[in-house]
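Written out below as structure tokens is the structure these notes cover.
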Amino acid sequence: MISNFAHVKAGSVAEAIKALGARGAKLHAGGTDLLGCMRDGVFAVQRVVSISGLKELKGISAKPGGGVKIGALTTIADIAADASLGAKYAVLTQAAAEVASPQLREQGTIGGNLCQRPRCWYFRGDFHCARKGGDMCYAVEGENQYHAILGGERCYFVHPSDTAVALVALQAQLMIAGASGSRAVRIEDFFVGPAKDVLKENILAPDEIITEIHLPPIAGTVRSSYRKIRARRAWDFALTSVGIVLQFEKEAVSKARIVLGGVAPYPWRAAAAEKLLVGKKPDSAIAASAAQAATEGADPLRDNGYKVEMVKGAVEESILALA
Ligand SMILES: Cc1cc2nc3c(=O)[nH]c(=O)nc-3n(C[C@H](O)[C@H](O)[C@H](O)COP(=O)(O)OP(=O)(O)OC[C@H]3O[C@@H](n4cnc5c(N)ncnc54)[C@H](O)[C@@H]3O)c2cc1C
């Protein structure tokens with residue numbers, strides 16, 4: 001049951017920021033994650049601040065100096081369906097198309113997708129786990145088949161967002177507005193791992209809002225893709241996903257970004273695999289070595305060792321498909 005809460009329909013970003021300053025206030029975009037958390041009592045909310053009516057935060061447009069600007073309230077469905085975005089930033093439109101179900105893609109926004117809370121069943125359930133201020137991660141000894149194999153210190157949830165993986169691969173930038181003005185943040189610096197702060201998934205202060213996502217210009221021959229592996233073909237979160245952006249000069253890779261989803265508490269850059277590809281023309285031997293390197297540092301829990309092989313397969317296949 002949802003407890004009583006006040007509702008504020010913000011008429012501007014400034015109004016929303018002011019309203020978020022109150023204790024127990026939470027931002028509402030499409031509400032597909034927030035309302036579920038409220039219903040399940042994952043955290044207490046005294047005031048819902050809705051920005052859903054702010055037209056200035058919706059839409060996809062070309063930036064004057066090159067690159068693309070996406071408003072934080074743009075729906076996942078609009079991103080998935082944008083053909084001109086897909087022509088240059090395929091990794092993002094493909095990731096958007098893999099999010100949840102058609103209904104959720106129509107309602108859910110890109111800003112909300114990046115800020116959605118962990119899907120770990122202990123966090124969402126009736127457990128006072130480390131992420132809720134408790135002193136343990138129940139996944140360590142418990143049901144951990146869907147949990148992290150990388151970067152899971154003190155807490156082993158896996159970041160649920162498909163679009164986050166693609167945006168890290170694309171080196172996107174987030175525009176964040178707060179009481180003291182606006183700031184631009186590299187998306188890689190946005191996510192916070194549990195080793196740094198087990199209570200937060202990102203750097204946002206309670207009264208800060210992502211307003212825009214900026215994609216850098218794409219020049220030369222760049223190919224990208226997003227591959228997601230899930231337990232069933234209906235809506236489901238990733239067991240493993242891979243976002244890859246490769247820049248080619250002649251037939252060799254001149255720049256590589258390989259980012260993994262479903263395996264760590266934040267989008268995980270497979271830096272060793274990226275390094276291995278640069279300067280090479282990808283063939284099956286190179287793809288297999290990069291796939292092996294992508295799992296460097298993996299430390300599975302009791303029931304999720306299968307993800308190591310899954311990552312290797314997904315990385316190898318993705319590289320070969322782009323080559
Ligand atoms: C059944 C189900 C299946 C799903 N499957 C997938 C999946 O396969 N892949 C995937 O990636 N996601 C999946 N999701 C998550 C879904 O995509 C998100 O719920 C959705 O993208 C959130 O967008 P929203 O606008 O509804 O956010 P809201 O629910 O409104 O907000 C979510 C959170 O983000 C915060 N927030 C929202 N917008 C902003 C902003 N602009 N700035 C700062 N904070 C903000 C809110 O305060 C809240 O904490 C699934 C969700 C459900 C319910």
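When a ligand or atom number is given, it counts from 1 through the structure's own listing order.
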*Is there any N or O on I51 that sits under 3.5 Å from an N or O of ligand 1?*
no
*What residue and atom, counting heavy atoms only, is the protein's closest point to atom 46 (C) of ligand 1, and at what distance?*
L27 O, 3.1 Å
*Who's the nearest protein heavy-atom neighbour of atom 36 (N) of ligand 1, and how far?*
C115 CB, 3.9 Å
*Provide, to 0.1 Å, the distance between atom 50 (C) of ligand 1 and the closest protein heavy atom, together with that atom's residue and name.*
F237 CZ, 3.3 Å
*asked:* Taking CD in E296 as the centre, count heavy atoms belonging to other residues, nucleotides or ligands within less than 6.0 Å. Is the count above 12?
replied: no
*Could you list which atoms of ligand 1 come closer than 4.0 Å to a heavy atom of A29?*
25 (O), 30 (O), 37 (C), 38 (N)
_Check: Y226/S241 side-chain N/O donor and acceptor closer than 3.5 Å_ = yes
*Going by the atom numbers of ligand 1, which of them fall below 4.0 Å from some non-hydrogen atom of D162?*
7 (C), 8 (O), 9 (N), 10 (C), 11 (O)
*Does the side chain of E143 reach to within under 4.5 Å of the side chain of W121, using non-hydrogen atoms?*
yes
*State the atoms of ligand 1, each with its element, that fall below the 4.0 Å cut-off from a heavy-atom position in T32.*
18 (C), 19 (O), 20 (C), 22 (C), 23 (O), 24 (P), 26 (O), 29 (O), 53 (C)
*Protein heavy-atom partner closest to atom 2 (C) of ligand 1 - residue, atom, separation in Å*: L104 CD1, 3.3 Å
*Taking N or O atoms only and a 3.5 Å limit, does L34 qualify as a polar contact for ligand 1?*
yes
*asked:* Can you confirm, on distance only, whether ligand 1 has an N/O atom lying under 3.5 Å from any N/O atom belonging to E208?
replied: no
*Co-members of the apolar cluster containing Y156 [side chain, <4.5 Å]*: V140, L301
_Side chain proximity check, I79 to T75, heavy atoms < 4.5 angstrom_ = no
*Hey, does N113 come in under 3.5 Å of ligand 1, counting only N/O atoms on both sides?*
yes
*Output the list of atoms in ligand 1 that are nearer than 4.0 Å to some heavy atom of S161, sorted by atom number.*
11 (O)
*asked:* Tell me whether the count of non-hydrogen atoms from other residues, nucleotides or ligands lying under 6.0 Å of CZ in R154 goes above 12.
replied: no
*Please identify which atoms of ligand 1 are closer than 4.0 Å to at least one heavy atom of K228.*
7 (C), 8 (O), 9 (N)
*May I ask you to list the atoms of ligand 1 that are less than 4.0 angstrom from any heavy atom of A72?*
41 (N)
*Looking only at protein heavy atoms, identify the closest one to atom 15 (C) of ligand 1 and say how far it is in Å.*
Q116 OE1, 3.1 Å
*Which protein heavy atom lies closest to atom 3 (C) of ligand 1, and at what distance to 0.1 Å?*
W235 CE3, 3.3 Å
_Side-chain donor-acceptor contact under 3.5 Å, Y146 with N304_ = no
*Looking at W268 versus Y266, is the centre-to-centre ring distance below 6.0 Å?*
yes
*Going by atom types only, do H147 and Q145 share a side-chain donor-acceptor pair under 3.5 Å?*
no
*asked:* Can you confirm, on distance only, whether ligand 1 has an N/O atom lying under 3.5 Å from any N/O atom belonging to T163?
replied: no
_Pi-cation contact, W235 with R232 (under 6.0 Å, within 45°)_ = yes
*Pull out every atom of ligand 1 sitting under 4.0 Å from any heavy atom of R119, numbered as shown with elements.*
51 (C), 52 (C), 53 (C)
_Atom indices of ligand 1, in the order listed, that fall short of 4.0 Å to a heavy atom of D236_ = 8 (O)
*Is the shortest distance from a Lys or Arg side-chain nitrogen in D197 or K200 to a carboxylate oxygen in the other one below 4.0 Å?*
no
*Does ligand 1 have any atom that is closer than 4.0 Å to a heavy atom of P160?*
yes
*Mark yes or no: R223 above the aromatic ring of F248, with NZ or CZ under 6.0 Å from the six-membered ring centre and no more than 45 degrees from the axis.*
yes
_Which residue and atom name correspond to the protein heavy atom nearest atom 28 (P) of ligand 1, and how close is it?_
G31 N, 3.4 Å
*salt bridge (Lys or Arg N to Asp or Glu O under 4.0 Å) between K312 and E317, intermediate numbers included*: CA-CA 9 Å; K312 287 185 201 163; E317 276 181 26; over 6 Å; no
*How does L35 reach ligand 1, by side chain, by backbone, by both or by neither, if only non-hydrogen atoms under 4.0 Å count?*
neither
*Under 6.0 Å from the six-membered ring centre of F43 and within 45° of its axis: does the NZ or CZ of K132 meet both?*
no
*Specify the protein heavy atom at minimum distance from atom 41 (N) of ligand 1: its residue, its atom name, and the distance to 0.1 Å.*
I210 O, 3.0 Å
